[in-house]
Amino acid sequence: MTTHGKVKGIIANLVIVESEGRVSQNEICMIQHSEAPLMAEVIRIDGRKAYVQVFESTRGLTVGTDVEFMGHMLEVTLGPGILSKNYDGLQNDLDAMEGIFLKRGDYTKPLDAEREWEFTPLASQGDTIRSGAWLGEVKENRIMHKIMAPFTLPGDWKIISLKEAGNYTIKDTIAVIENEQGEKRDVTMVQKWPVKKPLRNYSHKPRPFKILETGIRAIDTLNPITEGGTGFIPGPFGCGKTVLQHAISRQAEADIVIVAACGERANEVVEIFKEFPELEDVRTGAKLAERTTIIANTSNMPVAAREASVYTAMTLAEYYRNMGLRVLLLADSTSRWAQALREMSNRMEELPGPDAFPMDLPAIISNFYSRAGYVELDNGKTGSITFIGTVSPAGGNLKEPVTEATKKTARCFYALSQERADSKRYPAIDPIDSYSKYLEYEEVRESVADRISDEWLGMVEEARDVLIRGKETSEQINILGDDGLPVEHHVLLWKSELIDFVILQQDAFDEVDRMCPLDRQKYMLEKVTSITRNNYSFNRFEEVGKYFRNLINLLKQMNFSEFKSDKFMEYEKELNTVIEERRVA
Amino acid sequence: MAKEAFKKVYTRVDKITKATCTLRAGNAGYDELAIIDGRLAQVVKIIDDEITLQVFSGTEGIPNDAEVIFLGHPPTLKLGPDIVGRFLNAYGEPIDGGPDLEGEEREIGGPSVNPVRRAQPSQLIATGIAGIDLNNTLVTGQKIPFFADPDQPFNQIMALLALRAEADKIILGGMGLSNDDYLFFKNTFENAGALDRIVAFVNTTEDPPVERLMVPDMALTTAEHFAVDHKEKVLVLLTDMTLFADALSIVSNRMDQIPSKDSMPGSLYSDLARIYEKAVQFPDGGSITIIAVTTLSGGDITHAIPDNTGYITEGQLFLRRDTDVGKVVIDPFRSLSRLKQLVIGKQTREDHPQVMNTAIRLYADAANAKTKQENGFDLTGYDERTLAFASEYTRRLLAVDVNLQVDEMLDAGWEMFGNHFTKNEIGIKDELLNKYWKPGKEGNGSLKEDNKTPEEVQVKETGEDQPAEGS
Ligand SMILES: Nc1ncnc2c1ncn2[C@@H]1O[C@H](COP(=O)(O)OP(=O)(O)O)[C@@H](O)[C@H]1O
Ligand SMILES: [Mg+2]
């Protein structure tokens, strides 16, 4: 029996509801506002009072309005048809809404109920199955979308009938299953799952070990992320967080990409809406939109739904992961989600933590990041969720609660530096402060050596050392002046500049340079290392910069040319000649 | 804003604070307006039958037996053709001595545009100011603030820019304007004969600060009316958003909310985003462009107001007084238009991105030379020439008092390159060099020799490798 209640109080989007019956924490309720039904979530229960956060504006709402508790938490609908969709934070299909403006209470269906999918069974009648078992599959864009047994099934069940190959809609029963007690259930291609509960249904979660190619040199070469890994990108505004995330979403080695635009600019999402149906996935040639789902809760959309949006995105990611796919999840920006939590916690007059954020913010963040990972499913197949979030630190200061809490849990740290952005050294990832903890994993090192080369990690360390020494030298020059240091120091500085300009910097808007596959990264780092290992002879420090600028220019021209094209080879030839001009044994 | 009579009248106020009054009343709706003691107020909290009203003009002198009438609707504005040319207060009431507004009554602060119904901003806005058109090109549907110290002439620049921008309508939202600035806007628009495309909502320093909170919503509701219903290009000017944010903090402090950074409410980001995100380009040609002013205190952009603004807007325009040439300039280093790459070199001449980047790079070289000079190091010939270039560049292009077509700005750029540098030094790709290069007035023979420090000479680059922003 559903519980009913009445509105007792309203403070912006926090509403107090009084009810007699059973109400659960995080339960969804509908407030029957005369203008439109408003969806809300219970966030605190105090005696007969339930505090609910409303996902819409409460304008015009009055005390005494009826409220119906729905008996379930905030959930998403899982089934074929999620890919290529543009959803809001509550999984409403934005394209299905009418009119220019978002209408309050306009809840649209996430999946097309009429569409027929070509189903192929993967199990057989008589099989014993458990929750999440693959019963069949349908082709969704370019992937085989697995139809899975309900994730909530307790214990063992037997398939007593399974549809043959054919076309079915998501409403059709495709299997009937029965447990030992003789209880029968119809299974369709669609099911629901509460977003705040991790969708597990896997057998175990080993440490991530495979490098995930993003095509961005400053990431893959210096601080690689792994399939199933976690990373975050903090940086002041204008330093390139969004451009970097968009580049990753276009290029990364993933079967599925889920982009959560969380409390940021609408125009940036519009860019994805317009470009992804046109741009091609470099690996498959398919349109990017085919592998992408966008969850848009931009900064002008209801604040409470911001929190929901990241959970909605994560749950969709878990669903596709359980099909044995590599899912990449991106959220821009997780700080906006944390701020939404802060607004609510302040309205409830909870005891505030640092910067008025809720006390349990670190726990909330780390729980969320822990839902990413590389998993082995019950059937032995593997799947992964790689998660990268941006963080927008107030005042650009990394000593603030969201950055600090995220740093404790995310394994890759890509710090964007204002100084690098100001001097247009994009992507502005600081090469010295940033890190990837995965480089400490033995299994990651082995897999990197396997995929790239045995010498690779040594070369990367060498490059890192040159960068560190270059930075030290540049600081000394600032104090002592150009003349104050011997020529060798200038050479060292320029070797580090060479790595900076050629390996670290990458033009996200150049057709060629924007995507640098691992084999090309290997080629370029080997080239650069061969240069930095050489000794060169100069008479005066003035000659050093001039010479290295020339080398840098040629190497950059290589970066801008198709890999191993005639142009590329010509520049390399010229480069080799120039190297010999000053090289000494 | 409509005030209806014949509603139930309450006459017992239980609690009065500096900004709010609380009373027991029946069925008020959240956000609904009320009149208390003749002043406009809005419902901000309801607990059972206890209703808290925020009184816009402050609570001074309100007695505990004040008359309270609920109006049954949130703030509204009457929108019709006769709003054009009018100067209104924060409630949308005439302050220009003209007749009351007629038209359809609309709620202000309405819902946001469905992101899938937006188009990508795509049309260049020409302002004649090179610090904008050349270096930080604006696009319809963009939202961008001036970051300026309070003593800079930002209102003058905004008025100028608005008149040149070829907008179908200009909506001014003035918050905490000095009376002089209000009259300045009024006279400037009148003298320019632009009243047929202006609507102004003005809250001056003489008005209660909390009233300001309604100004952006008033202005943007008007903008939506023209952009959606009439498919017009609308330019909204919001000055000064720092004073708007200050009013937010006054209210939240008085309502005992826990402040976050710089005593601003924790919801500052959402509050500002709700306003700025009204900027939009519609597929059918209508658009809302927002140009705002955020005054800084002591140039500090890490303060919560500019910081949150920067995270929301699509760039910022930094005003600075250049003491070397004695003019106000748009700082090329700290300013940014995030949308410029959508139009430069596409709707403007092909050499635009290269001229822009090169000039800024040379200007940066000049800044380094200046530091060198100040630290007592010797200058090279190249250093001296960058300084001469910087001074000409500042005077002819960065200063806000220029008025040029984009092509003229580009030509001026080439002239200055020719006056101070050799082809090699400017490092623009040959294709463009051959087409646009202008040898200097005295010919390049007179350029100061640079034999001492050859590394200062830019190695000839083919151009594609500029530290590119969208090139
Ligand atoms: N990799 C890059 N290559 C070229 N330009 C970049 C790059 N990253 C950022 N930019 C420039 O910086 C601007 C701001 O980047 P953005 O990602 O929007 O910053 P953030 O999200 O950190 O505020 C972009 O509009 C672009 O001009
Ligand atoms: Mg961003």
Side-chain angles (χ1 to χ4, degrees), chain A residues 8-11 16 58-64 86 94-95 97 99-104 237-238 265-267 269-271 273-274 296 298-301 303 336 339 342-343 346 352 355-356 392 394-397 422-425 481 507 509-510 542-546 549-550 553 556-557 560, chain B residues 27-32 45-49 74 110-121 141 228 257-261 266-267 269-270 273-274 277-278 280 282 302-304 307 310-312 314-315 333 336 338-339 341 377 453-455 457 459 461-462 464-465 467-471:
Chain A
K8 274 299 196 185
I10 309 155
I11 310 156
I16 303 161
T58 52
R59 183 174 267 191
L61 188 62
T62 54
V63 162
N86 304 320
L94 287 168
D95 292 283
M97 294 181 181
I100 292 177
F101 294 96
L102 295 168
K103 271 199 291 292
R104 237 190 341 184
F237 62 82
R265 303 176 184 87
N267 279 338
V269 195
V270 174
E271 197 179 309
F273 290 156
K274 306 287 173 211
T298 56
S299 57
N300 53 342
M301 289 163 84
V303 176
R336 305 302 163 216
Q339 287 177 340
R342 173 168 71 184
E343 284 182 33
N346 292 358
D355 287 0
S392 318
N397 175 6
D422 284 347
S423 56
K424 309 260 184 275
R425 296 186 177 215
D507 187 345
F509 300 108
D510 182 86
E542 289 94 337
E543 297 164 355
V544 184
K546 184 178 180 188
R549 279 207 185 113
N550 198 6
N553 186 37
K556 286 188 80 172
Q557 296 307 330
F560 288 119
Chain B
N27 230 7
Y30 194 77
D31 260 1
E32 179 179 332
K45 184 173 177 180
I46 307 178
I47 300 290
D48 286 324
D49 60 350
S112 37
V113 174
N114 183 341
V116 301
R117 301 282 176 259
R118 286 171 177 255
Q120 244 178 322
V228 176
Q257 282 165 11
I258 308 150
S260 68
K261 200 168 168 276
S267 59
Y269 176 85
S270 304
R274 202 176 52 74
E277 280 290 333
K278 290 275 182 188
V280 57
F282 292 111
T302 63
H303 183 281
D307 184 49
Y311 275 115
I312 294 163
E314 284 146 347
F333 295 148
L336 167 77
R338 292 170 183 253
L339 302 185
Q341 49 252 47
F377 290 105
T453 53
E455 102 283 8
V457 180
V459 175
E461 294 167 339
T462 50
E464 283 94 355
D465 59 340
E469 252 185 303
S471 58

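Everything numeric here is computed off the predicted structure, so don't read it as measured data. Residue numbers begin at 1 in each chain, while the letters A, B, ... track the order of the sequences.
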So for A:N86, is it side chain, backbone, both, or neither that comes closer than 4.5 Å to the heavy atoms of chain B?
side chain
Do you know which of A:I16, A:D95, A:N346, A:N397 has the most heavy-atom pairs under 4.5 Å to chain B?
A:D95
For B:K261, look at atom NZ and say whether over 12 heavy atoms of other residues, nucleotides or ligands are found less than 6.0 Å away.
yes
Side chain / backbone / both / neither for A:R342 at chain B, heavy atoms under 4.5 Å
side chain
Closest heavy-atom pair, B:S260 versus A:A356, reported as atoms and distance to 0.1 Å, is CB-CB, 4.3 Å
Under 4.5 Å from a heavy atom of chain A, the part of B:I312 involved
backbone
Closest heavy-atom contact between B:S270 and A:E343?
OG-OE2, 2.7 Å
Note: vs chain B, highest number of non-hydrogen pairs under 4.5 angstrom among A:G9, A:G396, A:G64 is A:G9
Counting heavy-atom pairs under 4.5 Å to chain A, which of B:D31, B:N27, B:T302 comes out on top?
B:D31
Applying a strict 4.5 Å limit to non-hydrogen atoms, the region of A:K8 in contact with chain B is both
Highest number of heavy-atom pairs under 4.5 Å with chain A among B:I47, B:V113, B:L339 belongs to B:V113
Under a 4.5 Å heavy-atom cut-off, does chain B meet the side chain of A:V303, its backbone, both or neither?
side chain
Begin from the C-alpha positions of A:F237 and B:R338 and carry the test side chain to side chain contact (heavy atoms under 4.5 Å, CB included) through to its verdict.
CA-CA 11 Å; A:F237 62 82; B:R338 292 170 183 253; 4.1 Å; yes
What part of A:E271 gets closer than 4.5 Å to chain B, counting heavy atoms only: side chain, backbone, both or neither?
both
Side chain to side chain donor-acceptor pair (under 3.5 Å), that's the test. Do A:Q557 and A:N553 meet it? Break it down for me.
CA-CA 6 Å; A:Q557 296 307 330; A:N553 186 37; 3.3 Å; yes
Side chain, backbone, both or neither of A:L94 within contact of chain B (heavy atoms, under 4.5 Å):
both
Checked A:S392, A:G99, A:A296, A:G238 vs chain B; the most non-hydrogen pairs under 4.5 Å come from A:S392
On the ring face of B:Y311, is A:R336 found with NZ or CZ under 6.0 Å from the centre and within 45° of the axis?
yes
Run the side-chain contact (heavy atoms from CB on, under 4.5 Å) test against B:E32 and tell me which residues pass, sequence neighbours left out.
B:A28, B:V43, B:F70
Checking the side chain of B:R117 only, and the main-chain atoms of A:F101 only, is there a donor and an acceptor separated by less than 3.5 Å?
no
Give a yes or no on whether a salt bridge exists between B:R118 and B:E277, defined as a side-chain N under 4.0 angstrom from a carboxylate O.
yes
Among A:T298, A:T62, A:V63, A:I10, residue most engaged with chain B (heavy-atom pairs, under 4.5 Å):
A:I10
For the candidates B:G29, B:P111, B:S112, which exhibits the highest count of non-hydrogen atom pairs separated by less than 4.5 Å from chain A?
B:S112
Identify which part of B:V280 has an atom lying under 4.5 Å from any heavy atom of chain A, answering side chain, backbone, both or neither.
neither
Identify the two heavy atoms, one from A:I11 and one from B:Y30, that lie closest to each other, and give their separation to 0.1 Å.
C-OH, 3.9 Å
Which portion of B:A119 sits near chain A, non-hydrogen atoms under 4.5 angstrom:
backbone
